[in-house]
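This report concerns only the one structure given below.
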Protein chains: 2
Amino acid sequence: MTEHADPVTTPYRPRATLRDVAAMAGVSMKTVSRVVNGEGGVTPQKVDAVRLAISRLDYRPNVSASALRRSSRRTAAIGTVLEDLANPFSSALLRAVEDVANEKRVLILAGSVDEDQQRERALVRAFTERRVDGLIIAPVGEDQGYLRAEMEAGTPLVFVDRQPQGLLADCVLSDNEAGARDAVHRLAEAGHRRIAYLGDLAIIPTAQQRFAGYQRGLLERGLPLDPAHVVHDLHTVDDAARATTALLRSEDAPTALFASQNLVTIGAITALQDLGLEQRVALFGFDDFPMADLLKPRVSVIAQDPAAMGRAAAELLFERLDGERGRPRRILLPTTTVLRGSGEIPPGRP
Amino acid sequence: MTEHADPVTTPYRPRATLRDVAAMAGVSMKTVSRVVNGEGGVTPQKVDAVRLAISRLDYRPNVSASALRRSSRRTAAIGTVLEDLANPFSSALLRAVEDVANEKRVLILAGSVDEDQQRERALVRAFTERRVDGLIIAPVGEDQGYLRAEMEAGTPLVFVDRQPQGLLADCVLSDNEAGARDAVHRLAEAGHRRIAYLGDLAIIPTAQQRFAGYQRGLLERGLPLDPAHVVHDLHTVDDAARATTALLRSEDAPTALFASQNLVTIGAITALQDLGLEQRVALFGFDDFPMADLLKPRVSVIAQDPAAMGRAAAELLFERLDGERGRPRRILLPTTTVLRGSGEIPPGRP
DNA sequence: CGGGCGTCTGACAACCTTGTCAGGGGAGTC
DNA sequence: GACTCCCCTGACAAGGTTGTCAGACGCCCG
């Protein structure tokens with residue numbers, strides 16, 4: 001009477017194969033295959049015998065072996081290459097992909113690239129060596145041409161968040177430029193004329209687009225672009241906090257801040273709180289974050305919808321897998337402007 | 001001169017196989033295999049010929065076919081079954097697993113179960129049908145006995161966050177009870193005698209442990225357990241906010257709150273802010289969250305370390321894969337008490 | 001010059017599954 | 001009773017790879 005399996009003493013029992021099931025049921029392997037795949041053309045008695053053997057042996061079909069032999073050669077798995085599985089943007093996106101894939105009974109291989117081009121290639125290679133049916137990629141490199149071979153081999157590709165370079169393929173993007181532009185407009189409407197830009201690494205395409213939106217917003221409002229109010233290459237909370245502090249202590253300090261990314265926004269808030277200026281300096285962030293409406297003041301943001309991006313990307317991918325052969329499609333998802341308070345603070349005295 | 005590959009016109013070029021490489025290089029398939037796997041025993045000229053053919057054909061070894069044939073039968077992939085890939089706890093844990101797996105050049109299949117027992121089983125089944133080398137599971141069901149067959153088939157299992165039922169296996173847990181107990185002690189030290197418990201679904205083992213810790217904390221401080229101050233089964237921010245509001249409006253309202261989980265903590269904060277009581281009612285949360293130290297007051301929490309859990313789980317798993325045959329191990333990770341302010345508010349007037 | 005040894009190579013089987021095809025058996029037709 | 005037709009079943013090959021083994025080749029020894 002062993003209540004619990006004990007790995008020390010548990011006998012090793014190799015997994016049953018189709019052959020074992022066939023032997024136990026007294027039929028040929030093909031007949032077992034027919035039952036497993038619901039092909040029909042098997043007498044009820046044999047079906048029962050096979051079913052019984054399957055449950056007695058706890059048989060699990062070997063999907064790899066099956067995919068190898070099947071004419072479609074589908075593995076029912078897709079690869080997802082994202083920036084960092086631990087960050088809220090990537091993980092919300094991944095989860096949405098999972099939900100769509102789940103309906104199709106497709107599994108997900110996932111990996112993080114951490115802004116590393118090498119890692120992007122390594123992951124793609126590892127995934128294709130496993131013959132995934134398709135790939136969803138948030139590209140980091142400057143050139144995705146190396147993926148052409150994958151497309152030619154029939155593996156559909158969908159890019160998310162950033163456009164691929166040197167390759168035409170389906171992609172799903174946020175309208176970064178329009179979002180950033182709108183943030184600047186809102187700040188201008190509140191009366192600000194000195195709006196600073198706090199940006200992520202300038203090599204990141206989305207950061208470039210947000211910066212372009214910032215510039216366009218200023219231009220459209222007839223506001224000058226002051227180089228002293230532009231900071232690039234902030235990639236951590238601390239970077240952002242330091243840069244914000246420096247800006248606000250400078251001569252001719254800005255009266256409003258546009259933070260081009262999640263962590264930058266948080267850094268800016270940290271700095272504002274440290275300086276006791278959070279109620280005096282306006283702040284608009286790009287990317288929503290969980291606690292934004294519990295802070296004081298509540299934080300106004302340009303929100304992306306990572307789940308919608310993931311869903312859209314997965315749907316494009318599955319359409320390709322279902323045979324869609326049209327030209328590459330580009331889905332541009334609008335951002336949402338969420339006014340919560342911090343972006344509506346008017347300019348105060350110097 | 002086509003700058004870009006165009007899926008409309010791109011010719012379909014099936015993936016090259018070992019056979020193709022062998023044909024192009026004018027050697028046998030086995031020789032190609034030797035080169036690919038660095039087996040040696042091949043003359044330099046042939047190695048070069050093979051290398052050339054490989055790069056010309058852009059050959060990618062088929063890992064599934066290889067695993068099928070290899071005596072170790074390793075697929076270099078592990079499955080990770082977590083609560084919800086989008087929540088910060090799961091995603092931090094997953095990321096840590098990924099980092100360990102990455103060093104071993106092992107890929108990750110991931111899926112969410114959403115507290116659904118069926119889904120747990122379906123995912124495990126799907127993963128084992130792909131013959132993953134091992135599984136990391138945050139179990140939801142009341143019985144994991146169904147996994148015994150996997151262990152017997154030689155697939156190592158490591159459980160995280162929650163202990164498996166009906167099965168002895170490696171697991172990595174947070175010391176939930178000690179953490180909750182400590183929160184109660186801290187609140188008691190601040191002078192509170194009416195400390196409410198706001199808990200997640202009572203069927204969740206970790207919630208039970210935290211409740212046990214709460215009870216023990218009260219007992220050790222000689223405080224009464226008031227059933228009117230205990231609320232279970234709060235699973236969303238809204239649930240938690242409503243329950244908190246009701247508690248604080250009741251006769252004999254508590255002067256301190258212990259929120260047993262992330263979302264519950266956030267709901268409690270929302271309610272406190274709505275009632276304007278955030279500076280008067282003490283609050284301790286279980287699980288840290290990103291903005292906890294930007295809120296006012298800053299939120300004191302019992303912090304778990306999901307990354308450490310993921311790392312530990314992955315390490316246990318890889319030790320098993322490296323041949324470790326000892327008894328099941330149980331790693332209990334301590335929690336950290338983070339005092340930020342909200343937990344140190346003294347009891348005020350009614 | 002036959003034999004032995006070590007190195008390198010390729011033919012072939014095997015892994016687990018599915019697709020093809022032909023054969024066996026029973027029912028129905030003339 | 002001979003024939004066709006259909007249904008069911010199993011033998012066999014194939015998918016991409018690796019492991020086994022025997023053979024080829026060059027070399028040295030007696």
Side-chain angles (χ1 to χ4, degrees), chain A residues 14-51 53-54 57-77 128-133 153-155, chain B residues 14-51 53-54 57-77 128-133 153-155:
Chain A
R15 260 176 230 286
T17 71
L18 208 112
R19 167 182 267 98
D20 303 324
V21 176
M24 178 179 272
V27 299
S28 80
M29 288 163 52
K30 178 64 200 181
T31 299
V32 178
S33 169
R34 276 188 272 257
V35 172
V36 170
N37 295 298
E39 268 182 49
V42 183
T43 54
Q45 304 93 289
K46 298 221 175 192
V47 171
D48 286 347
V50 170
R51 291 256 163 76
I54 285 179
L57 293 170
D58 197 29
Y59 168 68
R60 302 292 166 86
N62 183 325
V63 178
S64 314
S66 158
L68 188 63
R69 187 65 187 85
R70 273 206 159 83
S71 41
S72 82
R73 214 135 301 176
R74 291 277 170 83
T75 54
T128 54
E129 285 181 351
R130 259 129 194 128
R131 299 294 187 270
V132 291
D133 296 338
T155 305
Chain B
R15 260 175 230 286
T17 69
L18 199 81
R19 169 181 268 98
D20 303 324
V21 176
M24 178 178 271
V27 300
S28 81
M29 291 163 49
K30 177 63 202 182
T31 301
V32 178
S33 169
R34 275 189 272 257
V35 172
V36 169
N37 296 301
E39 269 182 47
V42 183
T43 56
Q45 304 94 289
K46 298 223 174 192
V47 171
D48 286 348
V50 169
R51 290 257 162 75
I54 285 178
L57 293 169
D58 196 29
Y59 167 70
R60 304 291 167 83
N62 184 326
V63 177
S64 316
S66 158
L68 189 62
R69 188 64 187 86
R70 273 203 157 87
S71 42
S72 84
R73 213 135 304 173
R74 289 279 169 85
T75 54
T128 53
E129 285 182 352
R130 260 127 192 128
R131 300 293 188 270
V132 292
D133 296 338
T155 305

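Given the structure is predicted, the values throughout are model-derived calculations rather than measurements. Chain letters run A, B, ... following the sequence lines, proteins first, then strands; residues in each count from 1.
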Between D/dA11, C/dT9, D/dT17, spot the one nearest the side chain of B/Ser66, thanks. D/dT17
It should be established whether A/Thr31 places a side-chain nitrogen or oxygen under 4.0 Å from OP1 or OP2 of nucleotide D/dG10. yes
Distance only, no hydrogens: is a donor on one side chain within 3.5 Å (strictly under) of an acceptor on the other, for B/Arg130 and A/Thr75? no
Any ion pair linking B/Lys46 and B/Asp48 (charged N to carboxylate O, less than 4.0 Å)? no
Look at the side chain of B/Leu68 and decide which nucleotide, out of C/dC16, C/dG10, C/dT9, has an atom nearest to it. C/dC16
Donor-acceptor pair, B/Asn37 side chain versus B/Glu39 backbone, under 3.5 Å? no
Checking C/dG19, D/dG16, C/dG10 against the side chain of A/Ser71 (C-beta onward), the nearest is C/dG19
Can you tell me how far P of C/dG10 sits from CZ of B/Arg19, to the nearest Å? 15 Å
Using only side-chain N and O atoms of B/Arg73, determine if any of them is under 4.0 Å from OP1 or OP2 of C/dC16. yes
In whole angstrom, what separates B/Arg15's CZ from D/dG16's P? 12 Å
Per A/Thr17 side chain, nearest of listed nucleotides D/dT17, C/dT17, C/dG19: C/dT17
So, is A/Lys46 close to the D/dG10 phosphate, meaning a side-chain N or O under 4.0 Å from OP1 or OP2? yes
In this structure, how many angstroms lie between the P atom of D/dT18 and the CZ atom of B/Arg69, rounded? 9 Å
Taken to the nearest whole Å, NZ/B/Lys30 to C1'/D/dT18 is 5 Å
Donor-acceptor pair under 3.5 Å, A/Arg34 side chain vs D/dG10 base: yes
So, does B/Ser33 get its side chain near the phosphate of D/dT17, meaning an N or O under 4.0 Å from OP1 or OP2? no
Ignoring the backbone of B/Asn62, work out which of D/dA11, D/dG16, C/dA11 is nearest its side chain. D/dG16
A/Tyr59 side-chain proximity, nearest of D/dG16, C/dT17, D/dG10: C/dT17
Could you give the CZ-to-P distance, from A/Arg70 to C/dT18, as a whole number of Å? 5 Å
Listed nucleotide nearest any side-chain atom of A/Met29, set C/dT17, C/dG19, C/dA14: C/dT17
Rounding to a whole Å, what distance do you find between B/Leu57:CG and D/dG16:P? 13 Å
Let's see if you can work this out: which of D/dT17, C/dT17, C/dT9 has an atom nearest to the side-chain heavy atoms of B/Pro61? D/dT17
